[in-house]
> 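Below is a structure I'd like to ask you about.
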Number of protein chains: 2
Amino acid sequence: MKISIDTDYCLRALQELAYQDRENPYSIVKIATKRKIPHKYLEKLFRRLRIGGIVKSVKGRKGGYMLTRDPDKITTKDIIMAVDGRTNIHSCTDRKTEKLCEFADQCSFTDFWTDFNTHINDFLVSYTLEDFLEKGK
Amino acid sequence: MKISIDTDYCLRALQELAYQDRENPYSIVKIATKRKIPHKYLEKLFRRLRIGGIVKSVKGRKGGYMLTRDPDKITTKDIIMAVDGRTNIHSCTDRKTEKLCEFADQCSFTDFWTDFNTHINDFLVSYTLEDFLEKGK
DNA sequence: TTTTCATTATGACCTCCATGATCATATTTT
DNA sequence: AAAATATGATCATGGAGGTCATAATGAAAA
């Protein structure tokens with residue numbers, strides 16, 4: 001039960017990107033060096049963010065990345081979903097086959113896990129990228 | 001951001017133990033075979049639960065484990081703390097040195113992580129082992 | 001009283017996968 | 001040509017998950 005370093009990197013990188021001009025692409029190398037993130041690694045993360053619809057890319061010289069929408073429209077849930085593929089802390093599925101446990105409906109833990117997932121989800125939806133920007137800068 | 005299998009195992013095992021007579025030790029082998037948990041692995045987990053004050057042990061023949069207190073006095077937070085050593089999802093510390101980030105007080109993410117940890121903590125405290133026992137059995 | 005046996009106690013060890021990170025190379029556009 | 005993204009292969013490592021061997025303990029059988 002720990003946040004992945006991927007999420008951590010993405011939050012910092014997206015914060016940096018949010019400070020830039022929305023209309024001009026900003027390169028990964030700049031973000032990476034500024035925020036001290038391995039830039040080859042950040043490339044991979046931004047690929048996921050692009051597929052997840054958080055950022056869009058412009059190729060070639062003068063290219064780079066831009067946010068697809070205003071920071072207050074990007075929740076932490078959106079970001080974690082894009083980068084990790086899920087936000088639920090537990091699913092009543094087999095760890096290997098991914099199949100739902102056949103006793104889930106009669107299991108006394110199911111409600112607990114569902115409730116837990118919901119709490120986390122609600123929390124993550126309540127924070128947006130906007131919340132991480134210093135006002136007045 | 002995923003619950004450890006250790007937590008999962010412990011919840012099931014403690015539920016099983018909670019169904020037994022509080023005054024008589026119940027052996028790990030019985031719990032393990034009943035709940036289909038590798039018993040050698042469960043031994044290690046119960047060591048942590050004992051050190052964490054969730055269960056107490058009786059050695060020798062007829063020995064085994066017992067809960068140290070009533071199920072409604074054992075929260076999921078207690079269990080996860082005992083078995084994983086923490087319940088916080090993120091700490092603003094270096095992953096290797098464990099030292100607190102020197103910019104934590106001026107960092108715009110600190111509040112978010114603190115808030116996140118608090119939410120999870122509150123949630124975990126609100127559930128006890130009692131909640132997982134079928135009434136009327 | 002002695003022995004046996006079922007249990008916990010402890011630490012070393014093993015295996016494997018996910019995480020974290022790099023490299024090489026292709027593609028695009030100024 | 002240069003500077004950027006795009007993509008996939010590959011590498012390294014730690015931690016998660018699990019096993020093994022052996023000692024210590026204490027109740028019950030002999």
Side-chain angles (χ1 to χ4, degrees), chain A residues 1-10 12-13 17 20 24-52 54-68 80 83-86 89-90 94-98, chain B residues 1-10 12-13 17 20 23-33 35-52 54-68 80 83-86 89-90 94-98:
Chain A
M1 197 176 60
K2 192 171 53 174
I3 279 290
S4 73
I5 202 168
D6 291 0
T7 299
D8 206 69
Y9 281 165
C10 283
R12 293 163 195 264
L17 190 58
Q20 309 307 319
N24 282 76
Y26 195 68
S27 86
I28 279 192
V29 176
K30 280 184 190 157
I31 297 176
T33 51
K34 249 193 165 175
R35 307 306 281 250
K36 296 197 173 65
I37 301 170
H39 86 273
K40 278 295 182 184
Y41 196 69
L42 196 55
E43 268 182 22
K44 266 210 313 212
L45 298 180
F46 265 68
R47 195 148 109 216
R48 294 188 217 154
L49 291 176
R50 176 174 53 82
I51 292 167
I54 311 285
V55 299
K56 56 191 170 190
S57 64
V58 175
K59 277 187 165 189
R61 197 172 183 168
K62 287 262 169 190
Y65 286 91
M66 295 167 290
L67 294 179
T68 56
I80 296 181
V83 78
D84 281 340
R86 58 172 181 78
I89 203 152
H90 185 93
D94 186 281
R95 300 221 161 201
K96 284 171 187 164
T97 65
E98 298 279 319
Chain B
M1 199 176 57
K2 193 170 52 171
I3 278 290
S4 73
I5 201 167
D6 291 1
T7 299
D8 207 68
Y9 281 166
C10 283
R12 294 162 194 263
L17 190 57
Q20 309 307 319
E23 304 308 312
N24 282 76
Y26 195 68
S27 86
I28 280 192
V29 176
K30 280 183 189 158
I31 297 176
T33 52
R35 308 306 281 248
K36 295 198 174 66
I37 302 169
H39 87 272
K40 277 298 184 182
Y41 195 66
L42 195 55
E43 270 183 21
K44 266 208 314 210
L45 298 181
F46 265 67
R47 197 148 109 212
R48 294 188 220 154
L49 292 177
R50 176 174 53 81
I51 292 167
I54 312 284
V55 298
K56 57 190 169 189
S57 64
V58 174
K59 278 187 165 188
R61 197 169 185 172
K62 287 262 168 187
Y65 286 91
M66 294 168 290
L67 294 179
T68 57
I80 296 180
V83 78
D84 281 340
R86 57 172 182 78
I89 204 150
H90 185 94
D94 186 281
R95 299 220 163 202
K96 284 172 186 163
T97 63
E98 299 279 319

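Please read these numbers as outputs of a predicted model, since none were measured by experiment. Convention: sequence-line order gives letters A, B, ...; per-chain numbering from 1.
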> Which pairs with one or both residues in residues 58-68 of chain A pass side chain to side chain donor-acceptor pair (under 3.5 Å), sequence neighbours excluded?
none

> Please answer whether the main-chain N or O of A:Met1 pairs with a side-chain N or O of B:Arg86 as donor and acceptor at a distance below 3.5 Å.
yes

> Take atom NZ of B:Lys2 and atom C1' of C:dC17, then tell me their distance rounded to the nearest Å.
10 Å

> Which donor-acceptor pairs under 3.5 Å do side chains of residues 41-50 of chain A form with protein atoms, sequence neighbours excluded?
residue: A:Tyr41; atom: OH; partner: A:Asp6; partner atom: OD1; Å: 2.7
residue: A:Arg48; atom: NH1; partner: A:Asp6; partner atom: OD2; Å: 3.2
residue: A:Arg48; atom: NH1; partner: A:Val83; partner atom: O; Å: 2.7

> Could you list the residues that satisfy salt bridge (charged side-chain N to carboxylate O under 4.0 Å, His left out) with B:Arg35, not counting sequence neighbours?
B:Glu16

> For nucleotides 25-30 of chain D, give me one character per nucleotide, 5' to 3': B if any protein heavy atom sits under 4.0 Å from the base, S if the only such contacts are to the sugar-phosphate, - if neither.
BBB---

> To the nearest angstrom, how far is A:Tyr65 atom OH from C:dT29 atom P?
14 Å

> Expressed in angstrom and rounded to an integer, what is the separation of A:Ile3 atom CD1 from C:dT19 atom C1'?
14 Å

> Please list, chain by chain and in numerical order, all residues satisfying salt bridge (charged side-chain N to carboxylate O under 4.0 Å, His left out) with A:Lys30, sequence neighbours excluded.
none

> May I have the distance from B:Leu49 (atom CG) to C:dA9 (atom C1'), rounded to whole angstrom?
15 Å

> For DNA chain C, which residues of residues 24-36 of chain A approach it to below 4.0 angstrom with any heavy atom?
none

> Restricting to ring pair (Phe, Tyr, Trp, His ring centres under 6.0 Å), what partner residues turn up for B:Tyr26, sequence neighbours left out?
none

> Go through the structure and list residues passing side chain to side chain donor-acceptor pair (under 3.5 Å) with B:Thr7, not counting sequence neighbours.
B:Ser4, B:Asp84

> Is B:Ser4 close enough to D:dA16 that one of its side-chain N or O atoms is under 4.0 Å from OP1 or OP2 there?
no

> Please report the distance, rounded to the nearest Å, between CD1 in A:Ile5 and P in C:dT22.
11 Å

> Please determine whether side chain to side chain contact (heavy atoms under 4.5 Å, CB included) holds for the pair B:Ile89 and A:Lys2, giving the CA-CA distance in whole Å, both sets of side-chain angles, and the decisive distance to 0.1 Å.
CA-CA 4 Å; B:Ile89 204 150; A:Lys2 192 171 53 174; 5.6 Å; no

> Which ones in residues 38-48 of chain B lie close to DNA chain D, meaning a heavy atom under 4.0 Å from one of its atoms?
B:Pro38, B:Lys40, B:Tyr41, B:Lys44

> Determine whether B:Thr33 and B:His39 make a side-chain contact, defined as any pair of heavy atoms from C-beta on separated by less than 4.5 Å.
no

> Within this structure, what is the CD1-NZ distance for the pair B:Ile28 and B:Lys40, rounded to the nearest 0.5 Å?
9.0 Å

> Would you say A:Arg50 places a side-chain N or O within less than 4.0 Å of OP1 or OP2 belonging to D:dA6?
yes

> Could you check if a side-chain atom of B:His90 sits within less than 4.5 angstrom of a side-chain atom of A:Asp8, using non-hydrogen atoms only?
yes

> Rounded to the nearest Å, what distance is computed from the CZ atom of residue A:Arg12 to the P atom of nucleotide C:dG20?
13 Å

> Any side-chain N or O of A:Tyr9 under 4.0 Å from OP1/OP2 of C:dG20?
no

